[in-house]
Structure formats: C-alpha cells, structure tokens
Amino acid sequence: MPPVPTMSVSSLDLSVGGMGSLGGPSLDLDLLSGCSSGLPYQVPAPVTEMERPMMVDMAARAMDELIRLAQAGEQIWVKGVPGDAREVLDVGTYDSLFAKPGAAFRPPDINVEASRDSGLVFMSAVALVDVFMDTNKWMEFFPGIVSKAQTVDVLVNGLGGRSESLIMMYEELHIMTPVVPTRELSFLRYCKQIEQGLWAVADVSLEGQRDAHYGVPSRSRRMPSGCLIADMSNGYSKVTWVEHMEIEQMLPINVLYRNLVLSGAAFGAHRWLAALQRACERFASVATLGVPHHDVAGVTPEGKRSMTKLSQRMVSSFCASLSSSPLQRWTLLSGTTDVSVRVSTHRSTDSGQPNGVVLSAATSIWLPVPGDHVFAFVRDENARSQWDVLSHGNQVQEVSRIPNGSNPGNCISLLRGLNANQNSMLILQESCTDASGALVVYSPIDIPAANVVMSGEDPSGIPLLPSGFAILPGSGAGASSSAVVPPPGCVVTVAFQILVSNLPSSRLNAESVATVNSLIGTTVQQIKAALNCAGH
C-alpha cells in the first residue's frame with residue numbers, strides 16, 4: 001500500500017479516472033478549521049457551594065425516577081414499530097405519572113426521544129460503574145456515539161469505599177457523519193449502590209436557568225435516565241438502559257438520517273446497549289490473547305495486546321475525525337462527481353498522528369443493500385482491490401488476525417499488498433459490528449512500526465491517520481416514511497484522512513482538494529458497481 005500518511009496529497013497517483021482539477025482559488029485552511037455554527041458550546045462552570053444542595057437534591061430525584069422507569073411495566077412502555085421488540089415511552093402516560101410541580105408546557109417543536117432496552121453484558125457491575133464514572137473510559141467504550149466527554153466537577157467522591165458518587169459531566173454525542181450536528185449536553189451523573197450486587201447510574205440535565213446564565217443553548221436536554229446494573233456473579237451483569245431526552249430541532253435533519261434521528265434510534269437505548277455489549281466483548285478478548293488464532297505471522301501474546309491497543313486508538317481517532325461539533329467545520333465541495341464530499345482540516349500536534357495539517361474528507365450515501373452485506377464486502381481483504389483506489393488493483397493478503405468478538409467480522413487484521421513496489425507498507429485494519437451498526441477502519445503502517453507493535457512494545461508513539469467506513473441502518477432518501485416495512489438498506493459514511501505536507505502557508509491548493517474529492521467519488525462508484533447498485 002502506498003504510504004498515504006507521509007506523503008503530500010498532490011503526489012498521489014492522479015491516473016484514476018475522473019481526477020481533474022477543480023480550478024478556482026485555493027481554500028484557506030483557517031476558514032476551513034473555524035467554528036461552524038457561531039459560538040462553541042460553553043462548558044458549564046463548576047458547582048458553587050450555594051448550588052451544591054440543589055444539585056444533590058436534583059440528582060436524588062432523578063435516581064428515584066430512573067428506578068421507577070426501569071422497573072415500570074406496559075402501562076408506560078410500549079412496543080415501537082410492529083415486529084420490533086424495542087420499547088418506547090408512552091409520553092402521555094409519562095406526563096400524567098411524572099408531572100413536575102410548576103413544570104412548563106412542552107412546546108410543540110420539542111421532540112421526545114425515550115426508549116428502554118435490557119440485556120446481559122460480559123463485565124462485572126463494579127467494573128461497569130467505573131466505566132460510567134470515568135469520562136476517559138466512557139469515550140473509549142463508546143467512540144461511535146460519544147465524540148467528547150469530560151468531568152466538569154466532582155460533587156461526591158465515590159472513592160474510599162463509599163457506595164455513591166456524583167459528578168457533573170459534559171459530553172458531545174454524534175452519529176459519525178459530517179451532515180448531522182453533534183448534541184452537546186451538560187448533566188449530573190449520580191451513581192449509587194442500591195443493594196448488594198445492584199447499582200444505578202442516573203443522569204439529568206442541569207436546570208435551564210443555570211444553563212441560560214452560563215450561555216448554554218437549550219437545544220438538548222437529558223431527562224432523568226440511565227442504567228440499572230445487576231451483577232450476575234458469573235462475570236456477567238444484567239443492564240437495563242433507559243434513554244430519555246427532549247430535543248429542540250434547530251435545523252432540518254439530513255434526509256439520509258432523518259428516520260434514524262426522529263425515531264429516536266440514533267441515540268436510543270438499543271444502540272447504547274449494543275455498543276456496550278460489543279465494547280465489553282472486545283475488552284474481555286484482550287485477556288485471552290494467549291490462545292492462538294488464525295495467525296500467519298506468529299505474533300506473541302504481548303504483541304497482540306500492543307496491536308489491540310494501537311487499533312483501539314486508531315478506531316477512536318477515526319470516529320472523532322467524523323464529529324460535526326461546533327469547533328469542527330465541514331465545507332461542501334462543489335466538484336464534478338455525483339457524490340457530495342465535505343472536507344475539514346486540523347493541525348495535528350498529537351504524538352499519535354503525523355505532524356502537520358490533516359485534511360479529512362467524507363461523504364454519506366444510501367445503499368439499497370443490507371448493512372451486513374456492505375460490512376462483509378469492505379472488510380474482506382480478498383475484495384479490497386475492487387474498491388480501494390490506492391491499491392491500484394493489486395491483491396491484498398492477511399498477515400495476521402486477532403479475533404476480538406464472537407462474530408467473525410469482529411477482528412483486528414494486518415494486511416500486506418502483494419506488489420513488490422509496495423513492500424515497505426502494511427495496513428492495520430479493525431472491523432467491528434453489532435446490532436446498532438458497523439465500522440471498518442484502517443491505516444497504513446510501515447514495517448518498522450509494525451515490528452515495534454508485534455514485539456509487544458508501547459505503540460503510543462506510532463503515528464496513524466485512519467480512514468474507513470461507518471455503516472448504519474437507514475431507509476434511504478427515496479423511501480416513503482409511511483411504508484410499514486422500509487426497504488432494506490443502509491447509510492454508509494466513507495471517510496479519508498490525508499496529511500497535507502510541506503505547505504508554505506496555511507492554504508490548500510485546488511489540485512489537492514480535487515484529488516481527495518475524486519478519491520472518494522471513485523471509491524463510492526466502485527463499491528456501488530461491486531454491489532450491483534450503480535444506479536442509486
């Protein structure tokens with residue numbers, strides 16, 4: 001594979017069909033990397049001593065409501081779509097049972113998203129509580145949903161044997177596409193041990209008056225919600241997940257994601273729980289890496305752990321690059337391809353990325369093919385030459401594989417191009433799928449760096465610039481919203497990241513933009529052709 005992360009965009013092979021210059025002026029990187037929607041979300045100030053009792057009381061009431069919602073029956077939770085077992089909230093019944101004294105009338109433009117799901121998770125209750133209360137682990141477990149999280153204040157510290165803790169959190173939620181803005185939320189998270197082996201974690205947004213005082217927009221509000229976690233004493237926990245948000249839709253939702261967002265599925269309990277089950281399965285697989293699996297290269301257990309750590313960083317970096325937060329501006333290119341490509345730039349100074357200006361480019365498309373078919377196709381090394389423009393039609397061989405889940409598609413692979421001129425580069429790839437969607441993420445890595453990883457050394461200094469695919473269920477732009485059974489299909493985001501090197505100033509020339517625009521356009525065309533849906 002050509003070493004994309006260390007080369008200039010303009011030095012990429014321009015012989016691929018359709019790669020021509022856009023012409024026109026160059027793009028100013030300072031404009032591209034500016035703020036996309038006015039002022040950025042202001043993280044709330046820490047809690048004052050005067051506010052503390054009110055916050056503790058608000059958290060306690062949210063905990064009571066969460067427990068009632070988690071244990072409530074069919075009176076308040078109803079089945080959503082016919083044939084779908086997922087539960088959604090009966091808003092009218094909720095309003096009558098949980099009427100807040102002095103609560104304002106809910107405006108008609110506020111959309112209520114509330115759902116419940118439960119299932120077994122392969123992790124102890126205590127370990128799960130630690131994930132919920134540690135914002136770094138929270139982001140690591142949910143990279144496809146949480147693009148940013150931080151602890152603003154600690155009101156009650158759960159260390160030292162205490163059975164409860166209370167923090168104020170800030171987080172940004174995303175769908176891994178440039179076309180749907182992130183949701184910025186500030187809320188209290190209260191964790192408490194209800195009884196032996198049973199924990200509850202309750203979230204509730206701060207009062208609107210405080211948000212307004214600190215200049216925080218009231219676009220999204222987390223109502224009392226969260227999880228009940230029951231330890232099953234066999235390594236598993238039963239998790240009952242309740243999501244409840246009130247959303248003010250400020251902007252029209254992109255047609256590709258409209259059904260997913262308006263139905264509440266984009267950030268619903270089903271998606272959170274599926275992602276948690278997958279993350280716990282991946283976490284548990286690290287402990288069994290000594291068992292040999294389909295490994296051509298004979299990598300040691302230490303090497304596999306190191307590769308798993310590197311791949312985790314690669315996936316997190318890829319997901320974060322697709323955030324559409326107020327601080328990450330995406331610009332729509334007016335190119336000659338049929339695909340709407342958006343680009344964004346940032347200056348990379350992290351040790352885990354190449355130094356310089358990074359150009360991110362992405363597009364989201366609907367395909368009339370089930371998501372698992374698309375996932376199987378793009379993760380298959382034997383089919384890679386059919387869509388990977390940069391492989392120049394050469395076959396790819398899997399050198400090593402580390403399974404990290406029960407589904408055969410959940411694994412980390414090291415790939416090698418079968419071309420004598422490209423023998424200095426390998427491809428690190430991770431593919432993962434669960435009930436809520438799928439990811440295939442990959443990044444070129446040179447052989448010396450791969451040797452460092454496979455020998456078990458710390459991979460934190462190895463620079464990666466991942467590209468890949470995010471696959472979500474979707475009914476398509478042309479599908480009728482009134483259809484009882486939507487046509488099978490999925491929404492796929494195709495994304496590339498490229499280091500723009502040796503720039504004399506912070507300007508991006510039109511040739512580089514045209515190259516990446518055509519790179520995505522050609523990739524999409526080849527995927528559609530291979531999956532027999534070129535007309536869509």
Assess whether a salt bridge exists between [X] and [Y], defined as any Lys/Arg side-chain N lying under 4.0 Å from an Asp/Glu carboxylate O.
| X | Y | answer |
| --- | --- | --- |
| D130 | K137 | yes |
| E430 | R282 | yes |
| K309 | D458 | yes |

Compare every heavy atom of [Y] with every heavy atom of [X], then report the nearest pair and how far apart it is.
| X | Y | answer |
| --- | --- | --- |
| W366 | C490 | CD1-O, 3.2 Å |
| A269 | S115 | N-OG, 2.8 Å |
| S324 | V180 | CB-O, 3.4 Å |
| A362 | I520 | N-CD1, 3.6 Å |
| A361 | V341 | CB-CG1, 4.2 Å |
| R271 | S436 | CG-CB, 3.5 Å |

Under 3.5 Å: donor-acceptor pair, side chain of [X], backbone of [Y]:
| X | Y | result |
| --- | --- | --- |
| S306 | E457 | yes |
| S311 | M307 | no |
| T240 | A70 | no |
| T300 | G303 | yes |
| S317 | R313 | no |
| S263 | A265 | yes |
| S443 | L464 | no |
| H174 | P143 | yes |
| S285 | G405 | no |
| R86 | H270 | no |

Parallel, tilted or perpendicular, as decided by the 30° and 60° cut-offs, for the rings of Y236 and F122: tilted
Geometric class of the W387/F469 ring pair [parallel <30°, tilted 30-60°, perpendicular >60°]: perpendicular
Between [atom1] on residue [X] and [atom2] on residue [Y], distance to nearest 0.5 Å:
| X | Y | atom1 | atom2 | value |
| --- | --- | --- | --- | --- |
| L188 | M63 | CG | CE | 11.5 Å |
| D388 | I427 | CG | CD1 | 7.0 Å |
| E302 | M454 | CD | CE | 14.0 Å |
| R416 | S400 | CZ | OG | 11.5 Å |
| C319 | I145 | SG | CD1 | 10.0 Å |
| K148 | L173 | NZ | CG | 13.0 Å |

Between [X] and [Y], is any pair of side-chain heavy atoms under 4.5 Å apart?
| X | Y | result |
| --- | --- | --- |
| L499 | V357 | no |
| V516 | I498 | yes |
| L426 | D446 | no |
| R183 | V261 | yes |
| D380 | V378 | no |
| E243 | M245 | yes |
| E164 | Q193 | no |
| R342 | T331 | no |

R384 charged N/C atom sitting above Y442 aromatic ring, 6.0 Å / 45°: yes
Side chain to side chain contact (heavy atoms under 4.5 Å, CB included) between V315 and L439, intermediate numbers included: CA-CA 9 Å; V315 171; L439 276 174; 4.1 Å; yes
Ring centres under 6.0 angstrom apart (F132, W241): yes
From CA spacing to verdict: side chain to side chain contact (heavy atoms under 4.5 Å, CB included), W330, S360: CA-CA 9 Å; W330 291 87; S360 300; 3.9 Å; yes
Ignoring hydrogens and geometry beyond distance, is a side-chain donor-acceptor pair present between [X] and [Y] at under 3.5 Å?
| X | Y | answer |
| --- | --- | --- |
| T363 | S340 | no |
| Q429 | S413 | no |
| S323 | T182 | no |
| Y170 | T151 | no |

S364/T493 under side chain to side chain donor-acceptor pair (under 3.5 Å): CA gap, chis, key distance, verdict: CA-CA 4 Å; S364 295; T493 296; 2.8 Å; yes
Criterion side chain to side chain donor-acceptor pair (under 3.5 Å) on E281 and S406, from CA distance to verdict: CA-CA 8 Å; E281 186 182 52; S406 53; 2.8 Å; yes
Member of L322, L359, V358 meeting the side chain to side chain contact (heavy atoms under 4.5 Å, CB included) criterion with Q497: V358
Candidate pair I402 and T308, rule side chain to side chain contact (heavy atoms under 4.5 Å, CB included), full reasoning: CA-CA 8 Å; I402 304 173; T308 298; 4.2 Å; yes
Worked verdict on I167 versus D153 for side chain to side chain contact (heavy atoms under 4.5 Å, CB included): CA-CA 6 Å; I167 61 174; D153 201 353; over 6 Å; no
Criterion salt bridge (charged side-chain N to carboxylate O under 4.0 Å, His left out) against R222, the qualifying member of E184, E113, E171: E171
Single hit among N407, N404, T433 for side-chain hydrogen bond (donor to acceptor under 3.5 Å, both in side chains) with R278: N404
